[in-house]
**Q** 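Here it is, the structure in full.
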Amino acid sequence: MNTLKTTLAIAIFLITTSLVAQDKMANNIDNSTIALQGYSPVSYLDLGLAQIGNAAFKAAHKKVVYYFTSAEQKATFEKNPEKYLPQYGGYCAFGMYAGAKFRVDPNKFVVKDGAYFLYLNNVELDAKQLWLAENDHDKLKKVADQNWLELKKTYN
């Protein structure tokens with residue numbers, strides 16, 4: 001009987017670990033499963049602002065947690081969560097164009113065509129400026145979309 005319980009526990013652990021691993025491959029989340037480093041996806045898309053959310057107003061979608069600035073934002077997200085998900089699981093759009101996953105600076109973003117794109121920014125690279133300098137959003141997005149089909153299946 002104990003062997004059956006142990007086997008069942010191991011099976012449940014492996015399935016759960018596999019599902020969490022899949023979530024982390026397709027979403028730029030930390031170990032707490034909080035997306036966008038706690039910034040509100042509704043603020044990006046509806047207001048064009050990077051606003052840090054509040055844990056008091058949180059919602060989960062496909063096992064990923066999102067924070068919002070208000071109960072109204074949370075309700076807006078819950079009505080149509082797919083609309084508010086970040087492009088490329090919240091990874092850097094320019095990195096996706098280049099064929100790699102990079103963490104982002106949540107304050108570096110572009111809203112275009114009903115979607116928002118996040119970018120890496122550090123002392124050596126401002127990926128948002130590289131994206132904008134190309135001056136061909138559609139071309140960059142097409143390549144990034146294609147790369148995302150494979151990269152969302154890989155670890156960082």
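All values below come from the heavy atoms of this structure, side chains included, with hydrogens, waters and symmetry mates left out.
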**Q** Can you tell me how far apart OG (Ser43) and CZ (Phe109) are? Round to the nearest 0.5 Å.
**A**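 It is 9.0 Å, given to the nearest 0.5 Å.
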**Q** Please work out whether the ring planes of Trp131 and Tyr97 are parallel, tilted or perpendicular, with thresholds of 30° and 60°.
**A**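 The arrangement is perpendicular - the two ring planes meet at more than 60°.
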**Q** Tell me the closest heavy-atom pair linking Gly99 and Leu151, and the distance in Å.
**A**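 Smallest interatomic distance, heavy atoms only, reads C-CD1, 3.5 Å.
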**Q** When rounded to the nearest 0.5 angstrom, what is the spacing between CZ in Phe94 and CG in Leu120?
**A** 10.5 Å
**Q** Might you point out which heavy atoms bring Ala93 and Ala144 nearest each other, and give the distance in Å?
**A** O-CB, 4.0 Å
**Q** Is a side-chain donor or acceptor of Lys63 paired with a backbone partner of Thr33 at a separation under 3.5 angstrom?
**A** no
**Q** Can you name the closest pair of heavy atoms from Ile52 and Gln37 and give their distance?
**A** CD1-O, 3.6 Å
**Q** CD of Gln146 to CE of Met96: how many Å apart, nearest 0.5 Å?
**A** 12.5 Å
**Q** Ring-plane angle category for Phe77 and His61, please: parallel below 30°, perpendicular beyond 60°, tilted otherwise.
**A** perpendicular
**Q** Give the C-alpha distance, both sets of side-chain angles, the deciding distance and a yes or no for side-chain contact (heavy atoms from CB on, under 4.5 Å) between Asp113 and His137.
**A** CA-CA 10 Å; Asp113 301 328; His137 176 84; 4.2 Å; yes
**Q** Atom CD of Gln129 and atom CG of Asn121: how far apart are they, to the nearest 0.5 Å?
**A** 9.0 Å
**Q** Could you walk me through whether Leu36 and Leu118 pass the side-chain contact (heavy atoms from CB on, under 4.5 Å) test, one step at a time?
**A** CA-CA 9 Å; Leu36 303 170; Leu118 297 159; 3.4 Å; yes
**Q** Listing request: all salt bridge (Lys or Arg N to Asp or Glu O under 4.0 Å) pairs with a residue in residues 119-128, at least two apart in sequence or in separate chains.
**A** Lys108-Asp126
**Q** Any idea which heavy atoms bring Ser40 and Phe68 closest together, and the distance?
**A**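 That closest heavy-atom pairing would be OG-CD2, 3.7 Å.
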**Q** Can you tell me how far apart SG (Cys92) and CD (Gln87) are? Round to the nearest 0.5 Å.
**A**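 The CD atom of Gln87 is 13.0 Å from SG of Cys92, to the nearest 0.5 Å.
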**Q** Suppose clustering is done on Ile, Leu, Val, Met, Phe, Trp and Tyr with side-chain heavy atoms closer than 4.5 Å. Which residues sit in the same group as Leu47?
**A**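 Traced through the cluster, Leu47 reaches Leu49.
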**Q** Just do the side-chain contact (heavy atoms from CB on, under 4.5 Å) check on Tyr91 and Lys152 with the steps written out, would you?
**A** CA-CA 10 Å; Tyr91 287 100; Lys152 70 181 176 182; over 6 Å; no
**Q** Would you give the length of the straight line joining atom NZ of Lys142 to atom CG of Asn147, rounded to the nearest 0.5 angstrom?
**A**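 Reported to 0.5 Å precision, the distance equals 12.5 Å.
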**Q** With side-chain contact (heavy atoms from CB on, under 4.5 Å) as the test, would you mind laying out the steps for Gln73 and Tyr66 before giving the verdict?
**A** CA-CA 11 Å; Gln73 277 197 353; Tyr66 297 89; over 6 Å; no
**Q** Centre of Tyr67's six-membered ring, under 6.0 Å away, within 45 degrees of the axis: is that where NZ or CZ of Lys58 sits?
**A**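 No, cation not above the ring by the 6.0 Å, 45° rule.
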**Q** Does a donor on one side chain sit under 3.5 Å from an acceptor on the other, for Tyr84 and Asp46?
**A**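 Yes, because at least one side-chain N or O of Tyr84 sits under 3.5 Å from a partner of the opposite role on Asp46.
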**Q** If I compare all heavy atoms of Pro106 with all of Tyr44, which pair ends up nearest, and what's the gap?
**A** O-OH, 2.6 Å
**Q** How close do Leu45 and Ala115 get, counting heavy atoms only, and between which atoms?
**A**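 That closest heavy-atom pairing would be CD1-N, 3.7 Å.
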